[in-house]
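Let me begin by handing over the structure; questions about it come next.
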There are 2 protein chains.
Amino acid sequence: MNASTSERLLDAAEFLFAERGFDATAVREITRRANANLASVNYHFGSKNELLDAVFKRRLDPINQERIFELQRLVHEYQPDIPPLESLLRTFLAPPFRVLQQMGADGAAFLRLLMRVHLETNSEFTLRFRAQFEQILSRFVPLFQQALPHLNTSLLNQRLFFAIGSMSHAVTWILNAQVLAKQHADPHSVLEELITFTAAGLRAPIAFGGNIHEA
Amino acid sequence: MNASTSERLLDAAEFLFAERGFDATAVREITRRANANLASVNYHFGSKNELLDAVFKRRLDPINQERIFELQRLVHEYQPDIPPLESLLRTFLAPPFRVLQQMGADGAAFLRLLMRVHLETNSEFTLRFRAQFEQILSRFVPLFQQALPHLNTSLLNQRLFFAIGSMSHAVTWILNAQVLAKQHADPHSVLEELITFTAAGLRAPIAFGGNIHEA
DNA sequence: GTCTATATGCGGATAGAC
DNA sequence: GTCTATCCGCATATAGAC
């Protein structure tokens with residue numbers, strides 16, 4: 001509560017956008033939750049839309065910087081060999097889980113918001129976000145390719161895509177488990193199981209040799 | 001255009017809810033797209049909320065019935081043995097892909113809407129939906145357990161969860177690829193690759209023997 | 001069943017005093 | 001920077017003629 005108004009607004013917006021969605025959240029609710037005045041959102045951020053941008057920027061920049069830094073460290077550690085597949089996967093998949101552990105409720109709210117974005121197809125905002133993610137992914141692909149020489153590019157991308165899906169579902173699951181308080185899901189152990197699962201999936205021998213259809 | 005008003009309303013609502021989300025869609029837009037009167041939604045369904053319920057019910061009931069029917073057929077076919085893991089996975093994972101192929105644009109719209117639901121945590125509607133899905137899942141779990149005797153219940157559930165994540169991400173991907181028209185993703189071949197990937201993940205040897213944490 | 005017209009409320013944004 | 005009061009538009013829903 002000692003945080004600055006704009007920080008409190010960011011926290012409140014993050015929580016409410018994640019909880020109810022962007023459209024369903026009224027600026028009035030945000031300011032009420034932040035103990036701030038109705039006009040403060042427009043004063044500090046210009047508009048409700050720009051507030052959303054700010055919410056993302058605050059969390060995403062550090063996460064992606066960390067992912068790139070860790071990747072460089074890993075490559076350096078194993079030089080001139082390729083890092084093991086499991087280590088690459090851990091570096092790639094870990095950040096959201098780390099957010100979950102380190103940032104507690106705030107991190108959970110942000111991640112739920114993040115998961116929402118994956119579904120939007122049209123908004124300009126989503127396109128900006130996705131371009132950024134693909135930039136990160138492109139740094140990892142060459143290393144995965146070296147670690148998995150039996151896969152051609154298109155199959156590798158497809159399987160990586162499956163792995164990303166497992167990750168985002170796992171994160172969503174942990175979030176819901178926390179919300180519903182049904183069971184305690186430990187992010188760290190889920191991450192390790194996820195690595196086991198996806199590593200096996202990526203290593204699977206080629207069954208159909210590409211994208212050949214039946215019938 | 002020859003369909004009844006309520007059918008046209010369902011089609012239009014399905015499309016728009018999927019495209020823009022529930023809140024962001026105005027009843028006015030729905031009736032405009034359906035070539036129907038503004039008041040027709042309330043006349044036929046009672047409210048915008050009940051219209052959403054109807055949109056789901058129309059598609060979901062047949063899909064789940066089919067999933068259960070196929071499972072019974074499969075069990076019968078292999079009796080008294082257990083069906084192979086790949087066949088179980090195909091039966092479990094196929095329905096959304098079939099929707100994608102058979103229902104064309106309508107199916108795509110519905111699936112996008114369906115993916116949205118996975119993220120909502122609080123709404124009563126989502127809870128109803130999720131309970132139904134878990135009922136379906138519970139029919140499959142015992143068979144997966146028999147096909148994968150090296151996994152304990154909790155690990156099996158976790159890995160199945162990863163598999164479901166890969167599926168929903170894959171479906172979302174196909175949808176977006178269609179929308180963005182970037183590349184042509186063939187649902188059938190994606191499904192087969194998905195089965196290969198998830199089967200390998202499920203079969204992976206146990207690495208950590210349960211949910212033991214480091215540190 | 002379908003239409004027009006309208007009631008009623010909530011949304012984001014802003015003006016202007018402090 | 002913060003507040004109150006208010007503008008203005010759009011939302012859902014409904015009343016009531018046809």
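Chain letters run A, B, ... following the sequence lines, proteins first, then strands; residues in each count from 1. Side chains are part of it too, since the values below use all heavy atoms of this structure and drop only hydrogens, waters and symmetry mates.
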(message) Please tell me if A:T5 has a side-chain N or O lying less than 4.0 Å from either OP1 or OP2 of D:dT2.
(response) yes
(request) Could you tell me which residues satisfy ring pair (Phe, Tyr, Trp, His ring centres under 6.0 Å) with B:F97, sequence neighbours excluded, listed by chain and number? (result) none
(message) Measure CZ/B:F45 against P/D:dT14 and give the value in whole Å, please.
(response) 16 Å
(request) Would you mind reading off the distance between B:I30 atom CD1 and D:dA13 atom C1', rounded to a whole angstrom? (result) 14 Å
(request) Taking the side chain as every heavy atom from C-beta outward, state whether A:F140 and A:T91 have any pair of such atoms under 4.5 Å apart. (result) yes
(request) List in chain and number order the residues that pass salt bridge (Lys or Arg N to Asp or Glu O under 4.0 Å) with A:R59, two or more places apart in sequence or in another chain; answer none if no residue qualifies. (result) A:E14
(request) Find the distance B:R32:CZ to C:dT4:P and express it as a whole number of Å. (result) 14 Å
(message) Expressed as a whole number of angstroms, how long is the span from B:R8:CZ to C:dG1:P?
(response) 12 Å
(message) On the nucleotide D:dG1, are OP1 or OP2 found under 4.0 Å from the side-chain N or O atoms that A:N37 carries?
(response) no
(request) Answer yes or no: is there a side-chain heavy-atom contact under 4.5 Å between A:E193 and B:F162? (result) yes
(request) Calculate the interatomic distance between A:L51 atom CG and C:dA13 atom C1'; express it in whole Å. (result) 14 Å
(request) Please say whether more than 12 non-hydrogen atoms of neighbouring residues, nucleotides or ligands are located less than 6.0 Å from CD in B:Q135. (result) no
Could I get a table of every N or O pair under 3.5 Å where one atom is in the protein and the other is in nucleotides 6-12 of chain C?
| residue | atom | partner | partner atom | Å |
| --- | --- | --- | --- | --- |
| C:dG12 | OP1 | A:T25 | O | 3.3 |
| C:dG12 | OP1 | A:V27 | N | 3.2 |
| C:dG12 | OP1 | A:K48 | NZ | 3.0 |
| C:dG12 | OP2 | A:V27 | N | 2.8 |
| C:dG12 | N7 | A:R28 | NH1 | 2.9 |
| C:dG12 | O6 | A:R28 | NH2 | 3.3 |

(request) Take atom CZ of B:R73 as the centre, draw a 6.0 Å sphere, and report whether it contains more than 12 heavy atoms from other residues, nucleotides or ligands. (result) yes
